[in-house]
Protein chains: 2
Amino acid sequence: MVCRRRPLHGKPFRNMARSSSSGSDKPASGDTGDVRRASTRSTGSVTLGDVAKLAGVSPITVSRVLNRPEMVTADTIEAVRRAIAETGYVPNLLAGGLASSRTKLIAAIIPTLGNAMFIDTIQPLNDCLSAAGYQLMLGLSGFPELCEEDLLKAILSRRPDAIVLTGVNHSAETRQCLLAAKIPVVETWDLTATPIDMLVGFSHEKVGAEVANYLFGKGYRRFAQVCAEDERAQIRRRSFEAALRDKGQSCLSTVCVPTPTTVRMGREGLAQLLAEGHRPEVVFCSSDVLAHGVLAEAQSRGLRVPDDMAVMGFADLDFAAYTFPSLSTVHVDRAAMGRHAGEVLLARLSGRPVDKKMVDIGFSIVARASA
Amino acid sequence: MVCRRRPLHGKPFRNMARSSSSGSDKPASGDTGDVRRASTRSTGSVTLGDVAKLAGVSPITVSRVLNRPEMVTADTIEAVRRAIAETGYVPNLLAGGLASSRTKLIAAIIPTLGNAMFIDTIQPLNDCLSAAGYQLMLGLSGFPELCEEDLLKAILSRRPDAIVLTGVNHSAETRQCLLAAKIPVVETWDLTATPIDMLVGFSHEKVGAEVANYLFGKGYRRFAQVCAEDERAQIRRRSFEAALRDKGQSCLSTVCVPTPTTVRMGREGLAQLLAEGHRPEVVFCSSDVLAHGVLAEAQSRGLRVPDDMAVMGFADLDFAAYTFPSLSTVHVDRAAMGRHAGEVLLARLSGRPVDKKMVDIGFSIVARASA
DNA sequence: CTTTCCGATGATAGCGCTAACATGCCATCC
DNA sequence: GGATGGCATGTTAGCGCTATCATCGGAAAG
């Protein structure tokens, strides 16, 4: 049943004798009595060597079956596969990565899991990478970009083959670490003239300006905002205000809320605006989640949306088209960002050239019922 | 300025000579000319040995400064820290993990990132673990539990120190792998009489039954459901129906939708129920997201909630209290599940005994405006 | 003053894997 | 028929780190 291997090259199969010094070693009395002296450090788990012994080949051949099967004949593969199944061997990627300097690990740093925006980028990134045999490791920076460097070092200590970052503002030390690691880097969710390596994002400045244009064009004049404290949201907010000024308008008031944003913050944000005595015709929110809260608060007060007050969101999250009334927002192709990041990384890692190192995926205003 | 180390024990400091065979090695001519002959495989990055040389100590001492500083005197630590900063050394956890069989990596498998329920468990788990110096690695199984085993093997090949699973239904092979890995395991989000190792969850059967009791008690009689196809949702659904039967009632209709659930599916689910000619008094949804969609669809049709139709959700996601009308639902302390999982793992990993290997964290009905 | 012990540090030998080169076999070529 | 080359496989030597035990100097004990 078991495919017995011929003794290749007439040499008796002998391996795993790693104990004695590399010079002339006096063989153990029986020669075949190659008793693997249980090292004090042995972990006891099945190793590639165990599989090799069972299959009657050398360890490197097992390694090849797993990593470069095209180098091995069909029946060797068969014998090795059988041995792997029989032993329940699970490769040790720590050892493999250490030896080859390739870990098949790609890290992505996002601010939080609590924001569906980033998740929608990560999911396709993960799909793309795992299809190519890479594993994605997520790092959560928490929004304050303070400890990004520590997180990065923790991640780099696992020697990922590449890394995906959210945002483009990184400390000098962070850039330094990344450069020193000499691995492909993709920054996402924003644009900059000075990317570390590769980049896929869109202009938050333009978003703010275009939203201002859109709302102004629809005839709204009394503007307010509920805006998250995160960096990119603040960029949108400022360019929104700047664009209004260009039209001789201004923003009545802006309520700032912490990140990640919640529906509750949206409700309380509108409540605060109204409590301050403002009666905005339209509220621009830095996320659809906030917009949803504003919508709920408006309804609970009997305000009709958009007639009494219009609401504009950002991101076009999956629910935006299905709230009542449906949410006008800014569509960002988050999945495309993730896919693109995955593709350029895979290209780099397989040695293919990457033509466009910087990609602006743009955005579009989605006019629905709420504004 | 630099704290020069005395030559301990009068021996000249000599290390990193790893090239020649272990037997008698003829020293390079000048003795001090210990030129590190660039190996063909050298990765070029800063190693612990480089730091050691700069600090004037042995590599193992640097290792101790990083991992067990209590074994090292204050000024040695100081010298090593300085050398680390100067060289920009980033430890290689592949090598460290390989040597010590401890990776400081903990893996968690969840079905999807698209469901806020699981995220809310993962976030506190992550916080808890990273505070203890562990890193969390997420694995996404996708809902069909088909390839869980492959994912698990990919994860185990990185030799995590422990693993967190979602759900309790695992294939025989999966259990086998886990047992063979000999690491702590926590199953979450469900209960079972036969956990692999440790467990923290709640009874989905009881949820279904109690929701039936609650809604029946409020006087509703015409029941319908919109229910995700996932395993645990189906358990809730069946026990909901069983409990209704016990009261001589029945469920008019159940619309099943794929996972992860979206607001859209909720809207379409209610639309389908109504199109089929049902006029339920209350709709029990397998997630708050679906419930939110049902709410929106009801509003868009001018149905008053809960007067014309009541809606019940599940999970008590962060928005549930802030929709309009606010959502009656089943509260599950997802964060506590994550914290608990983290705590028992950390206890195990630090050798402390875990008294309660199985924990039922329970749930509670939250009566708000919608039902 | 010697012995004992302890705390700080070092030398050695792997952890399990793969890069790089070596080897043997066979088919092909002149 | 020997040289040539290509292919499948094997041997050797690390990858960078830590477990383990050895060692050393000095404090405590006798």
Side-chain angles (χ1 to χ4, degrees), chain A residues 5-11 13-22 37 39-52 56-68 70-77 89-103 157 159, chain B residues 5-22 37 39-52 56-68 70-77 89-102 157 159:
Chain A
R5 306 278 309 161
R6 71 240 177 247
L8 296 149
H9 325 321
K11 279 197 174 179
F13 187 76
R14 197 203 54 158
N15 67 348
M16 302 310 295
R18 46 154 50 97
S19 54
S20 44
S21 68
S22 54
R37 180 163 48 87
S39 156
T40 53
R41 300 181 60 179
S42 159
T43 56
S45 70
V46 180
T47 71
L48 186 138
D50 297 334
V51 174
V57 299
S58 72
I60 192 70
T61 298
V62 177
S63 170
R64 285 183 184 127
V65 168
L66 292 170
N67 301 317
R68 314 174 61 182
E70 72 283 0
M71 288 182 67
V72 185
T73 56
D75 50 327
T76 304
I77 291 180
Y89 172 63
V90 176
N92 185 330
L93 254 43
L94 298 177
L98 181 58
S100 69
S101 302
R102 279 176 292 102
T103 53
S157 68
R159 298 295 188 265
Chain B
R5 307 277 309 160
R6 70 245 177 242
L8 295 150
H9 325 321
K11 279 198 176 180
F13 187 74
R14 196 202 54 156
N15 66 350
M16 304 308 296
R18 46 156 48 98
S19 53
S20 43
S21 67
S22 53
R37 180 159 49 87
S39 155
T40 53
R41 299 182 60 178
S42 157
T43 58
S45 70
V46 180
T47 71
L48 185 140
D50 298 333
V51 174
V57 298
S58 73
I60 191 70
T61 298
V62 177
S63 171
R64 286 184 183 124
V65 169
L66 293 171
N67 301 317
R68 314 175 60 182
E70 73 282 1
M71 289 183 64
V72 184
T73 56
D75 49 330
T76 303
I77 291 181
Y89 172 64
V90 176
N92 185 330
L93 254 44
L94 299 176
L98 180 59
S100 68
S101 302
R102 280 177 291 101
S157 68
R159 299 292 187 268

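Below, all heavy atoms of this structure are taken into account, side chains as well, without hydrogens, waters or symmetry copies. Lettering of chains follows the sequences in order, A, B, ..., and the numbering in each one begins at 1.
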Start with the C-alpha distance between Y89(A) and D50(A), add both sets of side-chain angles, then the distance that settles side-chain contact (heavy atoms from CB on, under 4.5 Å), and finish with yes or no. CA-CA 9 Å; Y89(A) 172 63; D50(A) 297 334; over 6 Å; no

Think [X] has a side-chain N or O under 4.0 angstrom from the OP1 or OP2 of [N]?
X       : N       : value
S101(B) : dT18(D) : no
T47(B)  : dC15(D) : no
R102(B) : dA19(D) : yes
S58(A)  : dT9(D)  : no
T73(B)  : dG7(C)  : no
T76(A)  : dA8(D)  : no

In whole angstroms, how far is the [atom2] atom of [N] from the [atom1] atom of [X]?
X      : N       : atom1 : atom2 : answer
L66(B) : dG16(D) : CG    : P     : 16 Å
L48(B) : dC17(D) : CG    : C1'   : 7 Å
R64(A) : dA22(C) : CZ    : C1'   : 11 Å
I60(B) : dC15(C) : CD1   : C1'   : 13 Å
E70(A) : dC7(D)  : CD    : P     : 12 Å

Starting at CG of L94(A), measure out to CG of L93(B) and round the result to the nearest 0.5 Å.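 Taking CG in L94(A) and CG in L93(B), the distance rounds to 9.0 Å.
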
The side chain of [X] lies closest to which of these nucleotides: [options]?
X      : options                   : result
V72(A) : dG10(C), dT9(D), dG16(D)  : dT9(D)
A99(A) : dA19(C), dG14(D), dG10(C) : dG14(D)
N92(A) : dG10(C), dG16(C), dC17(D) : dG16(C)
L98(A) : dT20(D), dC15(D), dC17(C) : dC15(D)

Quick one: on DNA chain D, does M71(A) or S100(A) contact a more 5' nucleotide (nearest heavy atom)?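 Here M71(A) is the residue nearer the 5' end.
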
With DNA chain D as reference, determine whether L94(B) or R68(B) sits nearer its 5' end, using the nearest nucleotide of each.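 Looking at the nearest nucleotide for each, L94(B) comes out on the 5' side.
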
Tell me if a side-chain donor or acceptor on [X] pairs with a main-chain N or O of [Y] at a distance below 3.5 Å.
X       : Y       : value
T103(A) : R159(A) : yes
T61(B)  : V57(B)  : no
N67(B)  : R64(B)  : no

Under 4.0 Å between any heavy atoms, over every strand shown, what does R159(B) touch: base, sugar-phosphate, or nothing? Just pick one.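 The residue R159(B) makes no contact with any strand.
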
